[in-house]
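Just so it is clear, the values below take in all heavy atoms, side chains as well, and ignore hydrogens, waters and symmetry mates.
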Amino acid sequence: MALDHYVSQVHMRNFNSPVLQNRIYAMRKSNFKTFTPRSEDVCRIEEGNTNHYLTEERAIEDFLRTVEPRYNSALAQFRNGRPDQEAIHLVAGFCAYVASCAPAAMRLGSGPLEATVRSMALMLDRQGVFGRAPASLGNKTTTELLADGTVAIDVDEKYPQAVGISTILRKVALFGR
């Protein structure tokens, strides 16, 4: 199983401490305590770039190979105040990747999908499409089952990631503008 970084190592190394060799200053979200990990030890999750909803499960890797090798030179152009079109494209590509594949992006993308499924289920229930649940579930309607928590809508966070990956070039164009 691959440990995939949702913030590129090329980007993370820009934050290496000038004092501590190959270390960055970081803070844990859970308790706000600071620590000094190696950049390769943070911002990563198992199989983060693998997405079973896509025909090519690791398609994002092909995209990253076009961005990461030239990312630092693009940043240098921005620091000098003279980015060319390629530098803009590369930084936009990095931003599009994070906006599609970071855990926060996946969580944020799940909410609207859950709301859509919920509203569709409630609408279909009002139209009588589902009928009542079996006696083992109290012979309730879908609306009642959702309201009392017997039935829950749980969106797999990999689905909004798949949508993000499949539209990543549109995001790059949007961010690049």
Thinking salt bridges, do [X] and [Y] make one under a 4.0 Å N-O criterion?
| X | Y | result |
| --- | --- | --- |
| Glu157 | Arg107 | no |
| Glu47 | Arg58 | yes |
| Arg132 | Glu144 | yes |

How many angstroms lie between [atom1] in [X] and [atom2] in [Y], if you round to the nearest 0.5 Å?
| X | Y | atom1 | atom2 | answer |
| --- | --- | --- | --- | --- |
| Thr50 | Ile45 | OG1 | CD1 | 10.0 Å |
| Ser119 | Glu114 | OG | CD | 11.0 Å |
| Ser110 | Ile153 | OG | CD1 | 12.5 Å |
| Asp41 | Leu3 | CG | CG | 9.5 Å |
| Asn14 | Ser39 | CG | OG | 10.0 Å |
| Thr66 | Leu90 | OG1 | CG | 7.5 Å |

(Q) Applying side-chain contact (heavy atoms from CB on, under 4.5 Å) to Leu75 and Asn72, what does each step give before you reach the verdict? (A) CA-CA 5 Å; Leu75 283 184; Asn72 282 333; 4.2 Å; yes
Q.
Parallel, tilted or perpendicular: which one describes the rings of His11 and Tyr71, with boundaries at 30° and 60°?
A. perpendicular
Q: Decide side-chain contact (heavy atoms from CB on, under 4.5 Å) for Leu122 and Thr142; before the verdict, give the C-alpha distance in whole Å, the side-chain angles of both, and the deciding distance to 0.1 Å.
A: CA-CA 7 Å; Leu122 295 173; Thr142 300; 5.8 Å; no
So which heavy atom on [X] is nearest to which on [Y], and how close?
| X | Y | answer |
| --- | --- | --- |
| Asp125 | Thr143 | OD2-OG1, 2.6 Å |
| Pro160 | Val155 | CD-CG1, 4.3 Å |
| Ala162 | Tyr53 | CB-CB, 3.7 Å |
| Thr167 | Val163 | OG1-O, 2.9 Å |
| Ala87 | Gln77 | CB-OE1, 3.4 Å |
| Met106 | Cys101 | SD-O, 3.6 Å |

Quick one: does [X]'s side chain have a donor or acceptor within less than 3.5 Å of a partner on [Y]'s backbone?
| X | Y | value |
| --- | --- | --- |
| Gln9 | Glu40 | yes |
| Asn80 | Arg82 | no |
| Gln161 | Ser100 | no |
| Arg38 | Asn22 | no |
| Lys140 | Thr150 | no |

Is there side-chain contact between [X] and [Y], with at least one heavy-atom pair below 4.5 Å?
| X | Y | value |
| --- | --- | --- |
| Leu124 | Phe130 | yes |
| His5 | Met12 | no |
| Phe94 | Val7 | yes |
| Ile88 | Phe78 | yes |
| Ile24 | Val42 | yes |
| Arg70 | Glu86 | yes |

Could you check whether atom [atom1] of [X] has more than 12 heavy atoms from other residues, nucleotides or ligands sitting under 6.0 Å from it?
| X | atom1 | result |
| --- | --- | --- |
| Met123 | CE | yes |
| Gln127 | CD | yes |
| Asp154 | CG | no |

Q: Walk me through it: do Leu54 and Glu57 pass the test side-chain contact (heavy atoms from CB on, under 4.5 Å)?
A: CA-CA 5 Å; Leu54 300 172; Glu57 292 182 346; 5.8 Å; no
Q | Transitive ILVMFWY side-chain link Val172 to Val10, under 4.5 Å | A | yes
Q. With the 4.5 Å side-chain cut-off for hydrophobic clustering, are Ile165 and Leu169 part of the same group?
A. yes
Q: Would you kindly check if the NZ (Lys) or CZ (Arg) of Arg44 is within the cone defined by 45 degrees around the ring axis of Tyr6 and under 6.0 Å from the six-membered ring centre?
A: no
Q: Just do the side-chain contact (heavy atoms from CB on, under 4.5 Å) check on Tyr25 and Asn16 with the steps written out, would you?
A: CA-CA 8 Å; Tyr25 295 103; Asn16 277 350; over 6 Å; no
Q) Can you check whether Tyr97 and Phe63 have ring centres sitting under 6.0 Å from each other? A) no
Q. Do Tyr159 and Asn51 meet the criterion of a side-chain donor-acceptor pair at a distance under 3.5 Å?
A. no
Q.
As a quick check of understanding, evaluate side chain to side chain donor-acceptor pair (under 3.5 Å) for Asn49 and Glu61, giving each step before the final call.
A. CA-CA 7 Å; Asn49 288 347; Glu61 296 288 324; 2.5 Å; yes
